[in-house]
2 protein chains.
Amino acid sequence: MPGGADLSIGAVAEATGVAVSALRYYDELGLIVPVDRVAGQRRFSPDVCGTVNFIRRAQRFGFSLEEVGVLLDDTERDWVGLVAAKLNDLRQQRVELDSMIHLLAEVQTCGCEVVASCPRIETDLAEHPETAC
Amino acid sequence: MPGGADLSIGAVAEATGVAVSALRYYDELGLIVPVDRVAGQRRFSPDVCGTVNFIRRAQRFGFSLEEVGVLLDDTERDWVGLVAAKLNDLRQQRVELDSMIHLLAEVQTCGCEVVASCPRIETDLAEHPETAC
DNA sequence: CCTTGACCTCAAGTCGACTTGAGGTTCTAC
DNA sequence: GTAGAACCTCAAGTCGACTTGAGGTCAAGG
């Protein structure tokens with residue numbers, strides 16, 4: 001057990017690419033926890049970098065910081081449900097995203113002057129009747 | 001030319017499922033334009049439903065309302081560039097989304113007690129060295 | 001005539017995730 | 001011993017996309 005290799009908040013910021021102010025904010029939310037304070041200054045275990053990276057990833061997954069809190073809480077038994085729900089979300093998002101990419105790719109080459117009146121978009125709308133007027 | 005079939009803001013709201021307050025906000029931004037005012041009240045062409053639906057779609061594409069404004073501006077020659085840029089974004093997003101779905105699906109079945117220490121996530125991190133500590 | 005409901009404007013509030021600023025302490029190097 | 005960097009707290013500001021609230025107008029129905 002090394003003992004003396006703890007990181008200042010600045011070191012964590014540099015290692016992870018996350019701003020110091022953001023790290024303090026995560027601390028405030030309890031997402032990361034300093035192992036110690038030296039003259040008032042936070043000292044983090046190097047492990048915290050993993051946690052920070054996890055937070056960033058999870059955000060990109062579409063989790064809010066509050067949800068990340070649940071994921072990180074080892075007394076929380078229901079993270080599996082949260083993951084399952086989020087997975088459904090993501091799959092749904094993917095379907096939408098695909099259709100949008102498809103649509104935009106067509107729009108790009110359709111030669112219309114004004115996007116809003118592009119027949120490809122009309123067509124697409126027609127395929128999604130829930131959005132019809 | 002029918003002439004008298006214009007819609008009140010409430011009718012547009014009902015037809016599109018978008019809140020009245022949001023429609024007024026779109027008007028304020030110039031994204032939708034009433035064809036008339038009757039005793040101060042907005043009257044919209046039924047076409048506006050198409051525009052509103054387009055706005056919602058574009059938002060789901062990841063366009064901001066400001067960008068939507070560019071898309072809807074028929075004097076704007078550069079919407080093709082905007083679409084191309086956004087298309088790149090979306091494709092990048094899709095790659096990320098896919099890897100996240102993959103990862104979450106594994107996490108879901110890995111049996112770990114605490115997500116943050118799940119080896120699958122560590123593995124995934126290892127594949128993205130830019131995030132290493 | 002009077003109420004009800006849909007509409008109006010304008011200002012201010014909300015939410016999440018931070019950032020910025022003021023004012024102060026502490027560590028490091030010379 | 002002193003300058004400058006890095007840290008601290010706490011309050012307030014920012015951004016986008018709306019929503020909410022106060023206070024008021026207007027047409028239709030009983």
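In what follows, every chain begins at residue 1, and chains take the letters A, B, ... in the order their sequences are listed. Since this is a predicted model, take the numbers as computed values, not measurements.
Contact annotation: B:Ser8 side-chain N/O to C:dC7 OP1/OP2 distance is under 4.0 Å. A close approach under 4.0 Å does not occur between any side-chain nitrogen or oxygen of B:Arg24 and OP1 or OP2 of C:dA6.
In this structure, B:Leu23 atom CG and D:dC18 atom P are separated by 10 Å, rounded to whole Å. Between the CD1 atom of B:Ile55 and the P atom of D:dA17 there is a distance of 11 Å, rounded to whole Å. Taking atom OH on B:Tyr25 and atom P on C:dA12, their separation rounds to 17 Å, with Å as the unit. At whole-Å resolution of the value, CZ in B:Arg43 and P in C:dC7 are 8 Å apart. Look at CD on B:Glu67: it is 16 Å from P on D:dC15, rounded to the nearest Å. The interatomic distance linking B:Leu65 (CG) with D:dC15 (C1') rounds to 13 Å, in whole Å.
Using a 4.0 Å cut-off on heavy atoms, the residues of residues 26-39 of chain B that approach DNA chain C are B:Arg37, listed by number.
Between B:Asp98 and B:Arg94 there is no salt bridge, since no side-chain N of the basic residue sits under 4.0 Å from a carboxylate O of the acidic one.
Within the nucleic acid shown, B:Arg42 comes within 4.0 Å of sugar-phosphate atoms alone, with no base atom in reach, counting heavy atoms only.
Nearer the 5' end of DNA chain D, as judged by each residue's closest nucleotide, is the contact made by B:Ser64, out of B:Ser64 and B:Gln41.
In the set D:dC8, D:dA17, C:dC7, C:dC7 carries the atom at the smallest distance from any side-chain atom of B:Ile9.
You'll find the side chain of B:Phe44 stays beyond 4.5 Å of the side chain of B:Asp6, heavy atoms only. Contact of the A:Arg43 side chain with the A:Leu7 side chain is not registered, since no non-hydrogen atoms from C-beta on lie closer than 4.5 Å.
In terms of modelled atom types and a separation under 3.5 Å, the side chain of A:Asp73 and the main chain of A:Gly69 share no donor-acceptor contact. Of the possible polar contacts, none joining the B:Glu14 side chain to the B:Ala11 backbone as a donor-acceptor pair under 3.5 Å is found. Proximity of a side-chain donor or acceptor of B:Asp27 to a complementary backbone N or O of B:Leu23 within less than 3.5 Å is not detected. Side-chain atoms of B:Glu67 come within 3.5 Å of backbone N or O of B:Ser64 as a donor-acceptor pair.
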